[in-house]
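Notes to accompany the following structure.
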Amino acid sequence: MRDDDFRDFVRARSPALSRTAYLLTGDHDLAQDLLQSALAKTYQHWPRVRNGNPEAYVRRTLRTTFVSWWRRQPPTPPVAEVSPTTTDGREATLRRVTVINALRALTPRQRAVIVLRYVEDLTEAQAAEVLGVTVGTVKRLHFDALARLRSLAPHLIDEVTVP
């Protein structure tokens, strides 16, 4: 029963959780390691977690595990330098690389807030619950992260605001 419930949860939520792990790490292999670690920790507590909000538990575990890993080693350097003026048909790929590089430049907590708010579409209160912080902390991290992203990739902001 325990294994079946957990297996069903993993099958249903792995794609979204994997996307979150990738956005936190910026690396597919590291994201899979992060997700596996978070799911292993969740499985250990599954009887207690399954009747509550298991996805929030896994997301919080993803975040805390990621921050723990990040503290042990310096962040990875950017994948590539990207010019916002490239117009040879690779715009979507370049935009994606630019976003990943900009996310890597954020602190782990700022990155977590941006991923939870914009990719996972959580409210400030939900993000605060997942991260184990106050709503005020989420607001501050969000504000600081957006300011940093604007300074790192202003051309992306222009793309979003142009009608």
List the steps and the verdict of side-chain contact (heavy atoms from CB on, under 4.5 Å) for Gln32 and Tyr22. CA-CA 8 Å; Gln32 288 306 308; Tyr22 173 72; over 6 Å; no

Verify the cluster assignment for [X] and [Y]: are they in a single hydrophobic cluster under the rule of side-chain heavy atoms below 4.5 Å apart?
X      : Y      : value
Val138 : Val119 : no
Leu131 : Val115 : no
Leu116 : Phe143 : no
Leu17  : Leu30  : yes
Leu152 : Val113 : no

Please report the interatomic distance [atom1]([X]) to [atom2]([Y]), rounded to the nearest 0.5 Å.
X      : Y      : atom1 : atom2 : value
Arg140 : His142 : CZ    : NE2   : 12.5 Å
Leu35  : Thr25  : CG    : OG1   : 10.5 Å
Glu129 : Leu122 : CD    : CG    : 9.5 Å
His45  : Arg50  : NE2   : CZ    : 14.5 Å
Phe66  : Thr20  : CZ    : OG1   : 12.0 Å

Could you report the tightest heavy-atom contact between [X] and [Y], atom names first, then the distance?
X      : Y      : result
Ala125 : Val135 : CA-CG2, 3.9 Å
Arg59  : Ala16  : NH2-CB, 4.1 Å
Pro47  : Gln44  : CD-O, 4.5 Å
Ala145 : Ile114 : CB-CG1, 3.6 Å
Arg104 : Arg111 : O-NH2, 3.1 Å
Ala112 : Leu24  : CA-CD2, 3.7 Å

Quick one about Asp3 and Tyr43 (side-chain donor to acceptor, distance below 3.5 Å, no hydrogens or angles considered), yes or no?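 Yes, Asp3 and Tyr43 have a side-chain donor paired with an acceptor closer than 3.5 Å.
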
Do Thr137 and Thr134 get their side chains close enough for a donor-acceptor pair, meaning under 3.5 Å?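 On atom types as modelled, these side chains qualify, holding a pair under 3.5 Å.
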
Short side-chain to backbone donor-acceptor contact, Thr65 and Leu62, under 3.5 Å: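 It does not hold such a pair.
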
Do the side chain of Gln36 and the main chain of Asp33 share a donor and acceptor less than 3.5 angstrom apart?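 Judged by distance alone, no pair lies under 3.5 Å.
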
Are the side chains of [X] and [Y] in touch, meaning some heavy atoms are under 4.5 Å apart?
X      : Y      : answer
Phe9   : Ser14  : no
Tyr57  : Arg48  : yes
Tyr118 : Leu146 : yes
Arg63  : Arg109 : yes

Could you tell me whether Glu120 and Arg19 make a salt bridge, using a distance below 4.0 angstrom between a side-chain N and a carboxylate O?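 Judged by the 4.0 Å cut-off on N to carboxylate O distance, Glu120 and Arg19 do form a salt bridge.
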
Closer than 4.0 angstrom, basic N to acidic O: yes or no for Arg148 and Asp144?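 Looking at Asp144 together with Arg148, the answer is no, because their closest N to O distance does not fall below 4.0 Å.
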
